[in-house]
Amino acid sequence: MKLLKERIPKLIDFGTVAGENGSIYFSEIGKDLPFAVKRVYYIVDVPVGSKRASHAHKKLDQVLVAIAGSFVVDITDGVKTWSFIMDDPGKAVLVPGGTWRTLHNFSKKAICLALASDVYDADDYIRDYDEFRRWKSE
Ligand code: TYD
């Protein structure tokens, strides 16, 4: 898997064209999307008050966007922390590999669309925070 050069969480603007019959949002590799997408998934029906993720990926880069409703993405590289309120289908967050992330504060009917740089690989996950800290210090 090709790793991103700059592995810092940040917001990415999606292009948008709004019209009388609705809005369309888009992102393209080589423009704003920083990697080639190999997998797409989405998270729906999260009960208010529940959390998702709370894990790290070693290599996988992801872009997350609230295509409906809102939620919060907390990210840490073990030293620095970031928190993004996702409530706009035109703004995505880049969650680079090598970070721990937690999704929470889901609104009713929130939908989190995830674009991922690789196919599903259970071995790319770290699900224990202490293990993540140890892995970061290696
Ligand atoms: P997971 O990434 O562990 O999400 P969370 O930490 O929020 O629970 O995914 C939950 C389950 O879904 C897990 O059993 C793995 C499976 N899954 C896939 O099979 N393919 C995928 O692309 C994703 C994202 C998850």
Side-chain angles (χ1 to χ4, degrees):
M1 192 194 326
K2 205 173 159 189
L3 296 180
L4 285 177
K5 267 192 226 151
E6 205 193 336
R7 312 196 90 202
I8 307 286
K10 63 174 184 183
L11 287 175
I12 296 171
D13 287 326
F14 273 24
T16 181
V17 175
E20 279 178 13
N21 299 328
S23 302
I24 187 161
Y25 294 94
F26 43 87
S27 192
E28 215 172 287
I29 177 107
K31 292 185 180 168
D32 301 315
L33 197 60
F35 55 80
V37 175
K38 289 196 182 163
R39 177 165 51 109
V40 174
Y41 66 93
Y42 37 92
I43 300 170
V44 302
D45 291 340
V46 179
V48 170
S50 294
K51 292 182 179 182
R52 298 295 312 207
S54 276
H55 58 236
H57 281 285
K58 296 175 192 167
K59 291 185 177 168
L60 187 77
D61 297 311
Q62 300 197 77
V63 162
L64 306 178
V65 56
I67 56 172
S70 63
F71 54 87
V72 174
V73 182
D74 290 340
I75 306 170
T76 180
D77 62 6
V79 180
K80 289 188 198 155
T81 61
W82 297 261
S83 189
F84 298 92
I85 299 170
M86 308 308 299
D87 59 2
D88 177 349
K91 290 216 183 292
V93 60
L94 170 67
V95 188
T99 59
W100 182 274
R101 77 292 314 268
T102 301
L103 279 54
H104 62 103
N105 273 32
F106 282 83
S107 68
K108 273 186 190 167
K109 305 219 169 158
I111 301 177
C112 171
L113 174 68
L115 310 177
S117 64
D118 211 347
V119 297
Y120 178 75
D121 175 9
D123 291 338
D124 189 63
Y125 283 72
I126 303 174
R127 294 190 180 273
D128 177 82
Y129 190 71
D130 290 337
E131 191 187 332
F132 168 69
R133 294 296 301 267
R134 281 195 296 277
W135 176 78
K136 289 297 281 187
S137 64
E138 276 166 14

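In listed order, ligands and their atoms are each counted from 1. The residues of the chain are indexed from 1 along the displayed sequence.
- For I24, the CD1 atom is loosely surrounded, since the number of other residues' heavy atoms within 6.0 Å does not exceed 12.
- Follow the hydrophobic side-chain contacts under 4.5 Å out from V119 and you never reach Y41; the two are in separate clusters.
- Hydrophobic clustering (ILVMFWY, side-chain heavy atoms < 4.5 Å, transitive): V73 and I85 are in distinct clusters.
- With hydrogens and angles disregarded, no donor-acceptor distance shorter than 3.5 Å links the side chain of D77 to the backbone of T99.
- The shortest non-hydrogen separation linking W82 to I8 is CZ2-CG2, 4.2 Å.
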Exercise answer, ligand 1 polar atom pairs (N/O) under 3.5 angstrom:
from	atom 1	to	atom 2	distance (Å)
ligand 1	2 (O)	Y125	OH	2.5
ligand 1	3 (O)	R127	NH1	3.2
ligand 1	3 (O)	R127	NH2	2.6
ligand 1	6 (O)	A53	O	3.4
ligand 1	6 (O)	H55	ND1	3.1
ligand 1	7 (O)	R52	NE	2.9
ligand 1	7 (O)	R52	NH2	3.2
ligand 1	7 (O)	A53	N	2.8
ligand 1	8 (O)	R52	NH2	3.0
ligand 1	22 (O)	R39	NH1	2.5

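- Note on ring orientation: taking the six-membered ring where Trp is involved, the planes of Y125 and H55 are perpendicular (angle over 60°, cut-offs 30° and 60°).
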